[in-house]
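Residue numbers start from 1 in every chain, and the chains themselves are labelled A, B, ... in the order their sequence lines are given, proteins ahead of strands. Since we're looking at a predicted model, the values are computed, not measured.
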Protein chains: 2
Amino acid sequence: MSELMNNSASPRTTASRGRIRRENEARILEAAERVFAETGLAGATMSQIAQAAGLPKANLHYYFGTKEQLYQAVLTAILELWLDATDAMLPESDPALALAGYVRAKMRHSRTRPFASRVFANELLSGAPYLTDYLEIDLKQRVEAKSRIIAGWISEGRMAALDPRHLFFMIWAMTQTYADFAVQIRAVMNVESLDDDAWEEATGEVISFVLRGCGITPAASAP
Amino acid sequence: MSELMNNSASPRTTASRGRIRRENEARILEAAERVFAETGLAGATMSQIAQAAGLPKANLHYYFGTKEQLYQAVLTAILELWLDATDAMLPESDPALALAGYVRAKMRHSRTRPFASRVFANELLSGAPYLTDYLEIDLKQRVEAKSRIIAGWISEGRMAALDPRHLFFMIWAMTQTYADFAVQIRAVMNVESLDDDAWEEATGEVISFVLRGCGITPAASAP
DNA sequence: GTCTATATTTTGATAGAC
DNA sequence: GTCTATCAAAATATAGAC
């Protein structure tokens with residue numbers, strides 16, 4: 001019998017079993033991201049995540065082991081997303097275009113992946129016990145590299161003199177607040193949710209503010 | 001017997017009993033703020049808070065009832081603090097001085113009450129179930145009032161044209177990030193904690209950035 | 001691979017001695 | 001007023017039938 005070595009009780013092929021596994025893992029990860037975004041690692045329960053994923057609680061343990069391991073899987077996926085945003089900030093870039101593009105990318109991220117942003121925020125609020133290496137190695141080095149480029153632009157007189165590290169702290173804060181504290185923004189703006197126009201307007205406000213804050217006059221519209 | 005109506009078994013006077021009560025309540029509130037700041041309402045446990053307060057768990061229930069009631073007491077104290085920051089932004093104010101003062105007050109708050117800021121952040125991240133009224137009534141009206149003043153400054157040509165509401169979102173984000181995400185800032189800056197000089201520098205960076213962002217030239221140092 | 005039933009631990013809350 | 005001992009509910013995790 002050709003199925004001799006197949007330890008599965010089902011008649012499915014190896015390929016389809018792999019497909020189901022990937023689909024279930026993806027469903028669980030997506031549900032876990034939403035739940036961890038609301039209450040963080042300590043506050044989230046496996047029951048909530050299972051219900052959000054539409055699967056029995058035992059399946060979560062079968063696929064990911066413990067709650068901590070599931071959380072780390074969610075965090076890892078978010079970090080890959082974070083680091084993928086390889087922003088085009090090169091020494092020869094135009095500061096106005098580079099900074100505007102960076103802010104726009106961050107705002108798009110806040111809109112398309114708000115739960116990822118909130119999981120990250122929760123992790124930082126609780127002291128980042130699972131992100132020490134990322135913060136002290138990866139992020140630190142990236143900021144230092146980008147800061148050298150910005151320092152170059154400053155020394156060339158292309159933008160105002162400021163500490164590039166604080167510029168990053170401020171840009172991250174301004175853009176992520178539209179994901180992390182969306183409930184506050186909706187309350188003050190008196191809307192159920194931000195639509196396309198509202199997001200475009202918010203993005204424009206932040207870009208203009210950042211460029212002026214950097215001492216860069218927004219590109220003149222016409223001569 | 002003059003103690004006839006005193007339902008206390010101890011010989012202490014009413015005044016000293018009141019003193020102990022206030023002290024214990026204060027200790028519990030302070031410990032609860034620290035614990036709620038790290039993991040939010042859902043993630044915090046009464047055991048953790050009791051240990052942080054150096055009191056038996058039963059005392060927390062004796063003084064505050066349930067965990068939710070203790071949380072609301074913490075939130076209420078924070079909101080009073082928040083609203084007390086009656087910033088001097090009047091129509092006749094100088095925009096540069098008013099905005100710089102507002103940012104400075106917010107930065108001082110981030111430094112002196114980081115746990116309060118983080119409790120608030122956790123509450124917003126989980127959808128603000130205990131702050132709906134505050135956000136939709138108190139905060140909204142305050143922002144509208146301040147926004148009218150800023151709109152006045154803009155129409156007088158004293159600062160750049162921008163949406164005052166987004167200006168507030170950005171200022172809150174930039175200043176609170178130094179409390180909420182301090183672990184990230186410490187990692188990037190490669191320091192154990194921010195000292196006086198580092199805080200003064202950060203405050204200066206944010207103030208300069210905000211004033212330029214508002215199209216206000218920082219006061220010239222000398223003629 | 002899936003999921004029901006259950007074991008074990010932890011948590012919020014309280015009773016009752018002091 | 002205080003705090004030890006304890007309860008009932010909810011949590012994480014797993015065993016084992018299917």
Side-chain angles (χ1 to χ4, degrees), chain A residues 3-29 31-32 35-36 38-74 126 130, chain B residues 3 5-29 31-32 35-36 38-74 126 129-130:
Chain A
E3 302 264 322
L4 198 61
M5 301 305 286
N6 189 338
N7 57 6
S8 165
S10 94
R12 296 196 192 101
T13 67
T14 317
S16 75
R17 274 195 290 112
R19 188 176 60 82
I20 289 178
R21 168 175 282 273
R22 272 198 308 280
E23 285 177 0
N24 277 342
E25 285 179 351
R27 282 178 69 175
I28 295 169
L29 283 173
V35 175
F36 284 134
E38 269 205 18
T39 48
L41 169 61
T45 73
M46 294 298 267
S47 306
Q48 289 177 313
I49 298 172
Q51 192 171 5
L55 289 171
K57 200 171 51 165
N59 289 30
L60 277 58
H61 289 288
Y62 171 72
Y63 281 115
F64 290 96
T66 69
K67 182 167 87 158
E68 274 73 18
Q69 287 171 324
L70 173 56
Y71 179 69
Q72 283 190 304
V74 170
S126 55
Y130 291 86
Chain B
E3 302 262 326
M5 301 304 286
N6 189 337
N7 57 8
S8 165
S10 93
R12 295 196 193 101
T13 68
T14 316
S16 74
R17 273 194 291 114
R19 186 178 59 82
I20 289 178
R21 167 175 283 272
R22 271 197 309 281
E23 284 177 0
N24 278 341
E25 285 179 353
R27 281 178 68 176
I28 295 169
L29 284 173
V35 175
F36 284 134
E38 270 204 18
T39 49
L41 170 60
T45 74
M46 294 297 267
S47 306
Q48 289 176 314
I49 299 173
Q51 192 171 6
L55 289 171
K57 199 170 52 163
N59 289 31
L60 277 58
H61 290 287
Y62 171 74
Y63 281 115
F64 289 96
T66 69
K67 184 168 87 160
E68 274 72 19
Q69 289 173 323
L70 173 55
Y71 180 69
Q72 284 190 301
V74 170
S126 55
Y130 292 85

Participant: Quick check for you: to the nearest 0.5 Å, what is the distance between A/Q72 atom CD and A/Q69 atom CD?
Facilitator: 7.5 Å

Participant: From CG of A/L60 over to C1' of D/dA11, roughly how many Å is that when rounded to an integer?
Facilitator: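 Interatomic distance, CG of A/L60 to C1' of D/dA11: 14 Å.
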
Participant: Find the distance between NZ (A/K67) and CG (A/L70) and round it off to the nearest 0.5 Å.
Facilitator: 9.5 Å

Participant: Figure out the CD1/P separation between A/I20 and C/dT2, and round it to whole Å.
Facilitator: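 Going from CD1 in A/I20 over to P in C/dT2 covers 6 Å.
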
Participant: Could you state the interatomic distance from OG1 (B/T66) to CG (B/L60), rounded to the nearest 0.5 Å?
Facilitator: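 It is 11.0 Å, given to the nearest 0.5 Å.
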
Participant: Can you give one letter per nucleotide of nucleotides 4-18 of chain C, 5' to 3': B if a protein heavy atom sits under 4.0 Å from the base, S if only from the sugar-phosphate, - if neither?
Facilitator: B------SBBB----

Participant: Would you call B/R19 and B/E23 a salt bridge, taking side-chain N to carboxylate O under 4.0 Å as the test?
Facilitator: yes

Participant: Answer with base, sugar-phosphate or nothing: what part of the nucleic acid does A/Y63 contact at a heavy-atom distance below 4.0 Å?
Facilitator: sugar-phosphate

Participant: Atom CD of A/E23 and atom C1' of C/dT2: how far apart are they, to the nearest Å?
Facilitator: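 Rounded to whole Å, this separation is 15 Å.
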
Participant: Anything under 3.5 Å between a donor and an acceptor, one on a side chain of residues 44-54 of chain A, the other on a protein residue two or more places apart or in another chain? List them.
Facilitator:
from	atom 1	to	atom 2	distance (Å)
A/T45	OG1	A/Q48	N	3.1
A/Q48	OE1	A/T45	N	3.0

Participant: When the distance from CZ of A/R21 to C1' of C/dT2 is rounded to whole Å, what number comes out?
Facilitator: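 The distance from CZ of A/R21 to C1' of C/dT2 comes to 12 Å, rounded to the nearest Å.
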
Participant: How long is the line joining CD1 of B/I28 and P of D/dC3, in whole Å?
Facilitator: 10 Å

Participant: Determine which pairs satisfy ring-ring contact (aromatic ring centres under 6.0 Å, His included) with at least one residue from residues 40-71 of chain A, sequence neighbours left out, and list them in order.
Facilitator: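 Qualifying pairs: A/F36-A/Y71, A/Y71-A/Y130.
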
Participant: Which whole-number value in Å describes the distance from A/Q51 CD to C/dC3 P?
Facilitator: 15 Å

